[in-house]
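What you see below is based on every heavy atom in this structure, not just the backbone, and it leaves out hydrogens, waters and symmetry mates. When a residue number appears, it is its place in the shown sequence, counting from 1.
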Amino acid sequence: MKQVELGSQGLTVSMQGLGCMGMSEFYGEGDDAESIATIHRALELGVTIFDTADIYGPHTNEELVGRALADRRDQAVVATKFGIVRSDEGTYPRQKTWIDGRPEYVREACEASLRRLGLDHIDLFYQHRVDTETPIEETVGAMGELVAEGKVRCIGLSEAAPETIRRAHAAHPITALQTEYSLWSREPEGEILGTVRELGIGFVAYSPLGRGFLTGTIRSVEELSEHDYRRFTPRFEGDNLERNIGIVERIDALARDKGMTPAQLALAWVHTQGDDVVPIPGTKHRKYLEENVAAAEVELSDDDRRHLDEAVPAGGAVGERYPDMSRQNR
């Protein structure tokens with residue numbers, strides 16, 4: 001797989017990564033053996049960037065990724081995130097969570113992630129969400145200290161607004177911004193993408209398959225497991241779901257005409273947005289990983305892109321991305 005420079009701080013990654021979140025939580029039961037085999041297969045196919053976070057599990061996803069890469073460390077770029085803290089009571093998403101960007105917590109979270117991953121340094125360390133109670137300069141300053149100490153190679157932000165990105169980048173060079181981006185979540189277009197490109201910051205697109213919806217396989221939340229996070233997401237509820245199925249059916253028809261899966265078409269569209277946009281589709285199965293990787297070789301014509309734009313309403317999917325949108329793009 002083609003390798004690209006992510007941002008302007010010297011971090012080279014595959015043009016498509018692997019999101020590991022669903023291997024441990026949120027999208028039904030996982031299978032550690034198959035998940036580890038999927039990570040190993042990704043490396044064989046040229047995928048080098050693997051994305052996790054301390055909140056996933058919580059903690060168990062970092063441990064899983066660490067085990068999978070223990071004897072393959074030199075082949076992988078490991079990205080993890082900190083800043084969303086979960087209570088010990090209940091289950092997500094009904095569980096209480098809060099954001100912590102205090103400098104002392106930044107260091108504590110990094111040390112804990114290093115232990116769970118079994119690493120001596122993290123390649124890309126993101127602030128998962130912006131803490132509005134802590135100045136971004138203080139949070140990023142603490143992250144920069146970890147870079148100076150060799151515990152972190154590069155730093156990033158997730159779901160940050162343009163002005164926050166500018167302030168953070170002035171405090172310490174930011175390598176990447178990670179934000180949801182797909183055919184039906186096009187909010188980053190315009191100011192956010194314009195800002196990161198101006199500053200030489202790479203863009204990592206999470207959920208490029210619309211949390212699995214753009215695969216064309218979901219027609220009802222009843223098909224999802226009882227604890228699947230998507231059951232609590234506005235885009236998967238009631239009338240929103242029915243209207244969004246209509247979008248997917250149009251994408252599915254276009255994919256059939258081109259002899260590919262809807263997921264491959266959706267990923268190919270993300271790749272047309274520029275070499276500085278690196279999607280990280282998530283899966284816990286080798287079969288779907290191989291299908292997703294094949295999308296990196298798909299070329300879309302101007303007509304293909306026009307037909308896709310026509311298939312998706314200007315506002316994208318119907319419904320908010322999260323039950324509580326107050327934590328996004330701050």
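The existence of a salt bridge linking E320 and R235 is excluded, since no basic side-chain nitrogen approaches an acidic carboxylate oxygen closer than 4.0 Å. A salt bridge is defined here as a Lys NZ or Arg NE, NH1 or NH2 lying under 4.0 Å from an Asp or Glu carboxylate O, and R330 with E163 fails to meet this definition. Between R186 and D309, at least one side-chain N (NZ, or NE/NH1/NH2) sits under 4.0 Å from a carboxylate O, which counts as a salt bridge. With respect to the salt-bridge test (charged N to carboxylate O, under 4.0 angstrom), the residues E108 and R115 do not qualify. A salt bridge between E149 and R107 is present, with a side-chain N of the basic residue lying under 4.0 Å from a carboxylate O of the acidic one. A salt bridge does not link E237 to R231: none of the charged nitrogens lies less than 4.0 Å from a carboxylate oxygen. Between R256 and D252, at least one side-chain N (NZ, or NE/NH1/NH2) sits under 4.0 Å from a carboxylate O, which counts as a salt bridge. We find that K81 and E159 are not joined by a salt bridge, their nearest charged nitrogen and carboxylate oxygen being 4.0 Å or further apart.
Across all non-hydrogen atoms, the minimal contact from G46 to S14 is O-CB, 3.4 Å. Nearest heavy atoms, L6 versus T175: O-CG2, 3.4 Å.
Within 6.0 Å of atom CZ in R306, more than 12 heavy atoms from other residues, nucleotides or ligands are found, so the atom counts as buried in its surroundings. Environment of CD in Q75: crowded, with over 12 heavy atoms of neighbouring residues, nucleotides or ligands closer than 6.0 Å. The number of heavy atoms from other shown groups lying within 6.0 Å of CG (D71) is above 12. Residue F203 qualifies as enclosed at atom CZ: its count of foreign heavy atoms under 6.0 Å is above 12. Environment of CD in E133: sparse, with no more than 12 heavy atoms of neighbouring residues, nucleotides or ligands closer than 6.0 Å.
Checking S207 against E180 by side-chain atom types alone, no donor-acceptor pair falls below 3.5 Å. A donor atom on one side chain and an acceptor atom on the other are found under 3.5 Å apart for H121 and R73.
Hydrophobic clustering, with ILVMFWY side chains joined whenever heavy atoms are under 4.5 angstrom apart, keeps I36 apart from Y288. Residues V318 and W184 fall into different hydrophobic clusters, defined by Ile, Leu, Val, Met, Phe, Trp and Tyr side chains chained together at heavy-atom separations under 4.5 Å. Note: the hydrophobic cluster containing L267 does not contain V312 (ILVMFWY, side chain heavy atoms under 4.5 Å, direct or indirect links).
Both tests hold for R129 against Y322: distance to the six-membered ring centre under 6.0 Å, angle to the ring axis within 45°.
A donor-acceptor pair is defined here as one N or O able to donate and one able to accept, closer than 3.5 Å; such a pair exists between the side chain of T272 and the backbone of W269. Although no hydrogens or angles enter the test, the distance criterion places a donor-acceptor pair under 3.5 Å between the side chain of S301 and the main chain of D304. In this structure a side-chain-to-backbone donor-acceptor pair under 3.5 Å is present from H59 to D54. Between the side chain of R250 and the main chain of A311, a donor-acceptor pair closer than 3.5 Å is present. The closest donor-acceptor contact from the side chain of H128 to the backbone of F82 lies at 3.5 Å or more, if one exists at all. The main-chain N or O of E29 is found under 3.5 Å from a side-chain atom of K284 such that the two form a donor-acceptor pair. Within the 3.5 Å criterion, the main-chain N or O of A68 finds a donor-acceptor partner in the side chain of H40. Using a distance-only test at 3.5 Å, with no hydrogens or angles considered, a donor-acceptor pair links the side chain of H307 to the main chain of D303. Without hydrogens or angle criteria, E34 side chain to R286 main chain gives a donor-acceptor distance under 3.5 Å. Of the possible donor and acceptor atoms, none in the side chain of S158 sits under 3.5 Å from a partner among the backbone N and O of Q127.
Applying the side chain to side chain contact (heavy atoms under 4.5 Å, CB included) rule to E242 yields the partners I245; only residues at least two apart in sequence or on another chain are considered. Residues satisfying the side chain to side chain donor-acceptor pair (under 3.5 Å) test with K2, not counting sequence neighbours, are D275.
One distance of note links OG1 of T195 with CZ of R166; it measures 4.5 Å at 0.5 Å rounding. Summarising the geometry, atom CZ belonging to F50 is positioned 11.5 Å from atom CD1 belonging to I280; distances are rounded to the nearest 0.5 Å.
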Q) So K151 and E111, salt bridge (charged side-chain N to carboxylate O under 4.0 Å, His left out) or not? Walk me through it. A) CA-CA 8 Å; K151 294 178 179 179; E111 297 286 2; 2.4 Å; yes
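Test D32, T52, T38 against M23 for side-chain contact (heavy atoms from CB on, under 4.5 Å) and you get one pass: T38. Exactly one of I49, L289, L43, T48 qualifies for a side-chain contact (heavy atoms from CB on, under 4.5 Å) with L18. That residue is L289.
Annotation: side chain of L64 is not in contact with side chain of Y56 (no heavy-atom distance under 4.5 Å). Counting only heavy atoms from C-beta outward, the side chains of R211 and L209 never approach each other to under 4.5 Å.
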